[in-house]
Amino acid sequence: MFVSVIVDIPSKSVNQVFDYRIPDGMDEIIRVGHRVLVPFGRRTIQGYVMNVKDAADFDPSRIKPIAGTLDIEPVLTEEMIVIAKYLAEYYIDQYISVIETILPAALKANYKKLVRLSESAGADARGAFTGLGLSDGSEIKSLNSEALSVLRPYLKSGEVVEETKISQHTKKKTALAVYSLKITEGHLGRAKKQVELLDRIESSSEPILMSDLKAEGYSNHLVNSLYKKGYIDKMNMEVERDPYSGRIFEYDAPKVLNHEQRTAYDEVSASMDAQSAGTYLLHGITGSGKTEVYLQVIQKALDDGRAAIMLVPEIALTPQMVNRFKRRFGDDVAVLHSGLSAGEKYDEWSKIKEGRARVSVGARSSVFAPFENVGAIIIDEEHEATYKQSDRPMYHAAEVAKFRSRYHGCPLILGSATPSLESYARSEKGVYKRLELTKRAGTEMLPDINIVDMSAEHREGNTSIISKPLYEDIKDRIDKGEQTVLLLNRRGYSNFQICQSCGHVPMCPNCDISLTYHKSNSSLLCHYCGYETGVHKECDSCQSEDVTFRGTGTEKVEEILRDMFATDVVRMDNDTTRRKGTHEKLLDHFENDEIPILLGTQMIAKGLDYPMVTLVGVLNADTMLNLPDFRANEKTFQLLTQVSGRAGRHELAGEVIFQTYNPEHYAIELATNNDYRRFYEKEMAFRKLARYSPFYFHVLFTVSSEDVRSCLESTTHIHAALAENMSEQSIIVGPSPSPIERINRQHRFQILLKYKREPALLGVLSELDREYHEKYKKEDISLKIDVNPLVIM
Ligand code: ADP
Ligand code: ZN
Ligand code: ZN
């Protein structure tokens, strides 16, 4: 028997399968999807079995046998192998990099290079070897170059050999447990508590975790006294990492669906019964009960004996969502997101793989949850850009979800209050079936939304970042003991430093971007590459001392609010939530300690649902409008609608204020009326005129290099290749410098291809990619091809 194997070398030149022989005795074991060790050149590396076959494609005597396998059960299902191939082709990437995206990081190979003496080693070699203080299997990473040069002649002669060892990241987690030694006679005497504890331990047929005993009220001290007296012994027991252990989720029963919810549910449910693969766009305003529909669809999948995949933009940002799923489905839920450690992710993944969890709730990559029989796939907030990976492979989760829905014959639901223009346009054409929820699910009303014109505020003499109406409202909420959420999409203290004599603004030396002032550590910081420098009192350019700071970030507004209202403020942005778990802690603090104001960047716009929040303020509704991206209007409308939905979700009525310098801009005005339909029509008219998505498909080429000339040459070359191969209908924009011209010392140039139908495109793209992969190895230049880009920066 033979196998075709994809090897773990992320290079275009080996983006193909290699044949190996299955050694005798392993025929029964090796299957498609197994991780295997294979000889490759002089090394042994990890690979994945793509195919098992009876005959090899060429001389079988020259085919090497595989060296071993890492698994008892294959880690990849046949479905995942097909998906990997599909994605690698669609997004112009390597199989191996897609496979490594599909699998949890813990299963990736971790190579260690070791040296040891071979049998042929002579006295000189042995002397040199031990002289360096080496023993068999010393790691090469720890050898310095001097040591290596001593060894080099013996490596050449084969007396010392280099070996590659593959180690795994997945260490099982263990915890301390105790068990009874069954000593019947003894003198526990009147130590009542100890007798009780010993009974408890003996009543269990398995060792009991110390932590469990503690939870039952037995102190460590008490356990230790039994241990010292020799009644019990301790051991390390394998445990599963459960990031949600110790938390109790109270069961939340299904609600009786309202008419609109029921109509939506019935449609999806019928398609589940028919095992057909339709895509539904669930368009429902915030608070209309979309999540309740998801929950009941998932319940149906479970009742049908199938599994369900639920995608959310970023769970770490929406702990409330996880709670709702845990409360409905309990231990049947596996949670996958970027906040988990590699080990925790692996454990959650294993729960799915082994059938111990039938519902997955997770961010983008959980679309690869290894279920064998999927009954429903749901993508909540489908318009969110986080569903597309910004590094290779630059896949979109919806693309994978559509594939899986066809594979399993199950519906895919895309849900949003503000669908992406692309999805809504598809629902207009009937490619997706649209389901509408137009009313809030409870009795609550939509919040009242008002615009404050900041230019007018300035004319009236208020130069503060808090307008008069917003000030009054916040004050009113504080008096009433209600809560306010404020959005400012800009972190740091001030936007930038400027010299009032010569106008000099300190820039990042690596990027084409001004440095942001952070007061807490008195530094100027680049938000793109992390470059940091101290604040200078004098202008670097003219030495004037007349330097000042302009623009306002969250750090400064926090200070302003504390002064203005003499109250506590919770601030949430990248700076305050860097450490694991801090996000959830800050939100708990806001809710439980009834802090009057929550201030944050767009990370607060999603999913929050607190009964006491009755006011939402957007301090600068224009920040997104000014982005150099054709989706700027759409992003603005989505963010404003989403953050408005945080107000008045329960009994108390909600109010929203947008502060803006563009009060008449349609993205802002229509967001105040919650008028998605009008916004869609206006924005579509603009896209049509400017010939952008959804009227055209896009491919974005970004070339970067430290050398501007190489950038220009390469983009000119790409332009020529496209011009030659694309039809007249397509439009090639550029080459031009990217909106951010330099990041991390790399100059950046781009070309945007807009097309409607180009059957030859895939071939042209993969040819360009291959070419530049070769080039990149020699010259310092890289080409990034982004198929269906969401960000044109
Ligand atoms: P969305 O996901 O659209 O923002 P949710 O599913 O979170 O909406 O629903 C908003 C609120 O209404 C929640 O508190 C939810 O429990 C409640 N809700 C949803 N559906 C119903 C229903 N059929 N009956 C009563 N309350 C409901
Ligand atoms: Zn100056
Ligand atoms: Zn920088």
Side-chain angles (χ1 to χ4, degrees), residues 252-265 282-298 310 312-313 318 320-321 323-325 327-328 378-382 413 415-419 435-446 496-516 523-533 536-548 605-611 613 641-651 654 674 740-748:
D252 167 46
K255 298 189 168 54
V256 178
L257 299 179
N258 65 32
H259 180 70
E260 286 183 332
Q261 285 173 316
R262 165 128 319 264
T263 309
Y265 174 85
L282 180 62
H283 178 212
I285 61 169
T286 55
S288 58
K290 295 185 289 298
T291 309
E292 186 60 36
V293 174
Y294 305 151
L295 289 165
Q296 300 204 15
V297 164
I298 292 171
M310 170 82 208
V312 295
T318 49
Q320 286 185 328
M321 196 74 165
N323 290 357
R324 279 178 82 177
F325 278 77
R327 287 179 58 187
R328 187 69 57 90
I378 297 159
I379 304 186
D380 190 31
E381 312 280 14
E382 66 89 29
I413 305 178
S416 177
T418 51
L435 307 165
E436 302 262 9
L437 304 181
T438 59
K439 294 185 280 291
R440 280 205 160 174
T443 48
E444 319 75 37
M445 304 284 287
L446 275 172
F496 55 87
Q497 189 185 348
I498 185 166
C499 167
Q500 313 221 63
S501 299
C502 76
H504 173 76
V505 173
M507 305 287 284
C508 173
N510 308 320
C511 309
D512 179 44
I513 222 94
S514 59
L515 296 168
T516 305
S523 67
L524 293 170
L525 192 70
C526 171
H527 285 181
Y528 281 85
C529 74
Y531 172 86
E532 190 174 347
T533 178
H536 299 181
K537 289 211 176 66
E538 290 177 356
C539 169
D540 289 338
S541 176
C542 74
Q543 277 70 50
S544 157
E545 287 190 13
D546 196 9
V547 293
T548 182
K606 282 177 212 137
L608 304 187
D609 186 358
Y610 297 116
V613 173
T641 306
Q642 195 136 52
V643 72
S644 305
R646 303 307 119 220
R649 290 174 68 92
H650 297 261
E651 289 81 33
N674 234 299
I740 301 167
E741 291 183 30
R742 208 160 60 105
I743 295 180
N744 246 329
R745 294 170 180 240
Q746 303 272 320
H747 293 273
R748 308 168 75 242

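Read the numbers this way: they start at 1 and go in the same order the structure lists the ligands and their atoms. Note that the coordinates shown come from a computational prediction; the quantities given were computed from them, not determined experimentally.
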If you scan protein heavy atoms around atom 25 (C) of ligand 1, the nearest is Lys255 CD, 3.6 Å

Apex the Zn ion (ligand 2); atoms Cys499 SG and Cys542 SG; angle rounded to 10 degrees = 110°

For ligand 1, which atoms have a heavy atom of Val256 less than 4.0 angstrom away?
-> 22 (C), 23 (N), 24 (N)

Which atoms form the tightest heavy-atom contact between Thr438 and Ile285, and what is the distance?
-> O-CD1, 3.5 Å

For Glu292, the option from Leu257, Val297, Val256 that meets side-chain contact (heavy atoms from CB on, under 4.5 Å) | Leu257

Hey, is the main chain of Ile740 close enough, under 3.5 Å, to the side chain of Arg748 for a donor-acceptor pair?
-> yes

For Gly287 and ligand 1, does the shortest N/O to N/O distance drop below 3.5 Å?
-> yes

What is the closest protein heavy atom to atom 14 (O) of ligand 1, and at what distance does it sit?
-> Asp609 OD2, 4.2 Å

Identify the closest protein heavy atom to atom 20 (N) of ligand 1: which residue and atom is it, and at what distance?
-> Gln261 NE2, 3.0 Å

Below 4.0 Å from any atom of ligand 1, is there a heavy atom belonging to Ser288?
-> yes

Would you check if the side chain of Lys290 reaches a backbone N or O of Gly284 as a donor-acceptor pair within less than 3.5 Å?
-> yes

Are a donor atom and an acceptor atom from the side chains of Gln642 and Thr418 found within less than 3.5 Å of each other?
-> no

Look at the side chain of Arg742 and the backbone N and O of Pro509, then say whether any donor-acceptor pair between them is shorter than 3.5 Å.
-> yes

Can you tell me the protein heavy atom closest to atom 2 (O) of ligand 1 and the distance?
-> Thr291 OG1, 2.6 Å

Proximal ligand 1 atoms for Ala441, defined as those under 4.0 Å from one of its heavy atoms | 12 (O), 18 (N), 19 (C), 20 (N), 21 (C), 27 (C)

What atoms in ligand 1 come closer than 4.0 Å to a heavy atom of Asn258?
-> 23 (N)

Is the closest heavy-atom distance from Arg324 to ligand 1 below 4.0 Å?
-> yes

What angle, in degrees and rounded to 10°, do you get at the Zn ion (ligand 3) when you join it to SG of Cys526 and to SG of Cys508?
-> 110°

Would you say Met321 and Thr291 make side-chain contact, with heavy atoms under 4.5 Å?
-> yes

N, O or S from His504 under 2.8 Å to the Zn ion (ligand 2) | no

Hey, does the side chain of Gln296 reach the backbone of Tyr265 with a donor-acceptor pair shorter than 3.5 angstrom?
-> no

Which protein non-hydrogen atom lies closest to atom 8 (O) of ligand 1, naming both residue and atom, and how far is it?
-> Gly289 N, 2.9 Å

Determine yes or no for a side-chain-to-main-chain donor-acceptor pair under 3.5 angstrom, with Arg328 supplying the side chain and Asp252 the backbone.
-> yes

